[in-house]
Amino acid sequence: MKYSKLLIPTVKEVPAEAEITSHRLMIRAGFIRKVASGTYTYLPLGLRCLQKIMSIVREEMNAADAQEIDMPFVQPMELWEKTGRREAYGETLGWFTDRHGRENALSPTAEEIVTSLVAAEVSSYKQLPLNLYQIKMKYRDEFRPRFGVLRSREFIMKDSYSFSATLENLDEIYQSMRDAYCKMFKRCGLKFVVVQAQSGEIGGSGSEEFMVPCAAGEDIIVHTEDGSYAANIEKAQIDAPAKAEANSDAPAPEQINTPNATTIDEVCQLLGTTPQEMIKTLVYQIGEKVVVAMVRGDHDVNEDKLRAAAGGGTVELAEEAIVQEVSGAAVGFAGPVGLTVKVDQIVIDPWVAAMESGVAGANKTDYHVRNIVPGRDFALDGEKASVVDIRNAIEGDTNNGKPLQFSRGIEVGHIFKLGTKYSEKLGATFLDENGETKPCIMGCYGIGINRILASAIEASYDDNGCILPVSIAPFEVEIIPLNNDKEEVSGLADTIYTKLQESGVDVLMDDRDGRPGVKFKDADLLGIPLRVVIGERGLKEGNVEVKRRTDDKPTNIPVDDAVSTVLEWLGELKQNLQ
RNA sequence: CGGAGCGUAGCUCAGCUUGGUAGAGCGCUGCGUUCGGGACGCAGAGGUCGAAAGUUCAAAUCUUUUCGCUCCGACCA
């Protein structure tokens, strides 16, 4: 295509609000423009990138026997009520009331629709398995859109849903999706890691995320140095500590006056202790239950782990009144000893259970207690109490004896085994070989198309702009004729342009009547992998210049070899992404 | 939803403290000179200063309200 005909509004300056590199570069290169918070227009070049990514995703999905369908963006709210997800999604779910007074949800995902479809159309095990997908815009009214297109309200997601008759078949499809995802991300030129994530209904190894390691990522990845273990911090398993010897000679608990010391820091300062010696006691409201969680003073409660320990539900810190009722004291003085019967469940982190003795709130305003021995002064098991890992991993923790390291990543894909949650609620059942009615066993698999583009840029750029993988760059080759008014230059440029196009190459011709510097700067900014410069200087020697975006200097190539060289180099670039 | 900040030309921003004729750079239009890494000169177009109300002889500037945006936090199948 001709540059002069395309809307490519490159800019030198970028709003202060664009903080991360991919956001800044996408604006500078004229890929996107913001319309409102979390909503963007994709200009021709940005859309080209997305389309190339979508093609790759589509090819690999089809190759994995998934079938493309297209489901509505506007969905009847009653379906969302049936599955209870209207409540579960809360305010993130966008919706509107139509002229007939019916409520409609703006699709943030499509389990309800696809499961209803299968409920209506599938009745026999002979019709299974099925793996249905779509690539479509999604809407989520995010509390806080940020980082450009990394967390936007509207985004394009490839979402697929598999329906199996048996658990074994679910495992097979899950594995085939996992393999397909690896191929797609590789083809998109992304370096990624697969990490364990919050499990689906079935549990076990039921959920994995595909992360692009990157400092700007929102997720924290926990992994061992050799990569044998990697997980989202929400999920990361931590080795339990060695149990301290039960010390029957330990001094008895001693109450101490700690006026107004309600935080770990304040108590430590007052008593000269360290956070490691403290037992942090937090009162949570989880669903209908009041749950007390205990972690060591230097640890943080992981609310996802806590939710799992409590058997699900919305996790919230309890209101002041409940805390007062439970502990019999002002907020900040709760402790393990002498909690009221109001508590439904007590979850103790293994690292608390292993403490020789600790300092905790006294359940009495302005008092703490020292010399509390877990197991002696409060129960570690019983009707309500149990010891479960409920904290976030921190520096120094290990998994299977190997030290855990931390890094950040962008979640570009997420696969998981759903089980029968939706199929049961929406009646997606089938008759098996024995004539028994059974619910379909589901899996679901998502990919953020826009995030692939943003993370590709985030992963590869320099001072001059994007360095895009050839598979997703807006064009594969850019031709820059420097002295366009000279017949020999523009003529040769046209010839090379036509020949490359005939060879199936996606070429951009910078036919603008501009100065060379402007063209060079723009070409670099756009991140197009190969550049051909045709100028009088080179032509005198019978050469044109060919340069990879990653090369420091161009290479002189005889005019007659220009097309073949470009094709050859292009082939090499593509080969690297197989 | 809590905390902080910002809304002035197409874009990036100054001006506001101390009220008094609307500014710069980039971009854009025309002409000329340039032409291998974001050229230069001259001439020009372009703004109800987010909106509303108030104080004042006079408001971009002070007060109040409101809308939008951004950052930190909470939240995130």
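Letters A, B, ... are given to chains in the order of the sequence lines, protein chains preceding strands, and every chain is numbered from 1.
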Ignoring hydrogens and geometry beyond distance, is a side-chain donor-acceptor pair present between A/N302 and A/E234 at under 3.5 Å?
no
5'-most contact on RNA chain B (nearest-nucleotide basis), A/Y422 vs A/R153, goes to A/R153
If you check every side-chain atom of A/N464, which of B/C69, B/G38, B/G37 has the closest atom?
B/G37
For atom CG of A/L317 and atom C1' of B/A74, their distance in whole Å:
10 Å
Contact class for A/E303 (heavy atom, under 4.0 Å): base, sugar-phosphate, or nothing?
sugar-phosphate
Closest to the A/H414 side chain, choosing from B/A77, B/U12, B/G37:
B/A77
Distance, rounded to the nearest Å, where A/D219 contributes CG and B/C76 contributes P
13 Å
Can you find an N or O donor on one side and an acceptor on the other, under 3.5 Å apart, linking the side chain of A/D524 with the base of B/G37?
yes
If we call it a pair only when both distances are under 3.5 Å in a Watson-Crick or G-U wobble match, what pairs with B/C57?
B/G20
Sticking with atom C1', work out how far B/C49 lies from B/A22, rounded to a whole angstrom.
8 Å
Does B/U70 have its OP1 or OP2 closer than 4.0 Å to a side-chain nitrogen or oxygen of A/S37?
yes
Please report the distance separating the C1' of B/G44 from the corresponding atom of B/U63, rounded so that it comes out in whole Å.
40 Å
Quick one about A/T115 and A/E111 (side-chain donor to acceptor, distance below 3.5 Å, no hydrogens or angles considered), yes or no?
no
When we call it a touch if two heavy atoms are under 4.0 Å apart, what does A/R531 touch: a base, just sugar-phosphate, or nothing?
base
Using the P atoms only, state how far B/G50 lies from B/G7, rounded to an integer number of Å.
8 Å
A/V518 has its side chain closest, among B/C75, B/G38, B/A77, to B/G38
What's A/P108 touching, base or sugar-phosphate or nothing? Going by heavy atoms closer than 4.0 Å.
nothing
Could you tell me the separation between the NZ atom of A/K519 and the C1' atom of B/A39, rounded to a whole number of Å?
15 Å
Output the single nucleotide from B/G36, B/G38, B/C71 whose closest atom is nearest the side chain of A/E19.
B/C71
Hey, is A/R549 close enough to A/D462 for a salt bridge, meaning N to O under 4.0 Å?
yes
Can you tell me the pairing partner of B/G68 across any strand shown, Watson-Crick or G-U wobble, with both distances under 3.5 angstrom?
B/C6
Say we look at B/C69 and B/U12: how far apart would their P atoms be, to the nearest angstrom?
15 Å
Of the listed B/C76, B/U70, B/C35, the closest approach to the A/K34 side chain comes from B/U70
For B/G44, which nucleotide is its Watson-Crick or G-U wobble mate, given both distances must be under 3.5 Å?
B/C28
Could you work out the separation of B/U48 and B/G38 based on their P atoms and round it to a whole Å?
36 Å
Checking all strands, does A/L525 fall into the base, sugar-phosphate, or nothing category for heavy-atom contacts under 4.0 angstrom?
base
Given that both distances must come in under 3.5 Å, which nucleotide forms a Watson-Crick or G-U wobble pair with B/G73?
B/C1
Answer with base, sugar-phosphate or nothing: what part of the nucleic acid does A/G90 contact at a heavy-atom distance below 4.0 Å?
nothing
Please compare A/M157 and A/G535 by the position of their nearest nucleotide in RNA chain B and report the one closer to 5'.
A/G535
Does the B/A77 base have a donor-acceptor partner in the side chain of A/R140 within less than 3.5 Å?
yes
Anything under 30° is parallel, anything over 60° is perpendicular, the rest tilted; go ahead and classify A/W80 against A/Y89.
perpendicular
Given the C1' atoms of B/A77 and B/G73, what is the spacing between them in whole Å?
23 Å
Among B/C35, B/C71, B/G37, the one nearest A/R146 by side-chain distance
B/C71
Using purine N1 to pyrimidine N3 plus N6-O4 or O6-N4 for Watson-Crick, or N1-O2 and O6-N3 for G-U wobble, both under 3.5 Å, which nucleotide pairs with B/U34?
none
Rounded to whole Å, how long is the line connecting atom CZ of A/F155 with atom P of B/A77?
11 Å
Which part of the nucleic acid, if any, lies within reach of A/R28 when heavy atoms closer than 4.0 Å are counted: base, sugar-phosphate only, or nothing?
base
Nearest-angstrom distance, P atom, B/G47 to B/C11:
13 Å
For the side chain of A/E536 and the base of B/G36, is some donor closer than 3.5 Å to an acceptor across the two?
no
The residue among A/T92, A/T39, A/D141 that forms side-chain hydrogen bond (donor to acceptor under 3.5 Å, both in side chains) with A/R153 is A/D141
Quick one: do A/R296 and A/D349 make a salt bridge, cutoff under 4.0 Å?
no
Quick check on B/G25: is either OP1 or OP2 less than 4.0 Å from any side-chain nitrogen or oxygen of A/K12?
no
Can you tell me if A/R515 touches the phosphate of B/A39, counting only side-chain N or O atoms and a distance under 4.0 Å to OP1 or OP2?
yes
ring-ring contact (aromatic ring centres under 6.0 Å, His included), that's the test. Do A/Y181 and A/Y445 meet it? Break it down for me.
CA-CA 9 Å; A/Y181 275 35; A/Y445 320 92; 7.1 Å; no
State which of B/G73, B/G38, B/G25 makes the closest approach to the side chain of A/R144.
B/G73
Whole-Å distance separating the CZ atom of A/F520 from the C1' atom of B/C35
11 Å
When the distance from CD of A/E411 to P of B/C76 is rounded to whole Å, what number comes out?
14 Å
Quiz question: by atom type and distance under 3.5 Å, do the side chains of A/N131 and A/Y133 form a donor-acceptor pair?
no
Please classify the nucleic acid contact of A/E545 as base, sugar-phosphate, or nothing, using heavy-atom distances under 4.0 Å.
base
B/U56 versus B/U61 - spacing of their P atoms, nearest Å
16 Å
A/N543 atom CG is separated from B/G36 atom P, nearest whole Å, by 18 Å
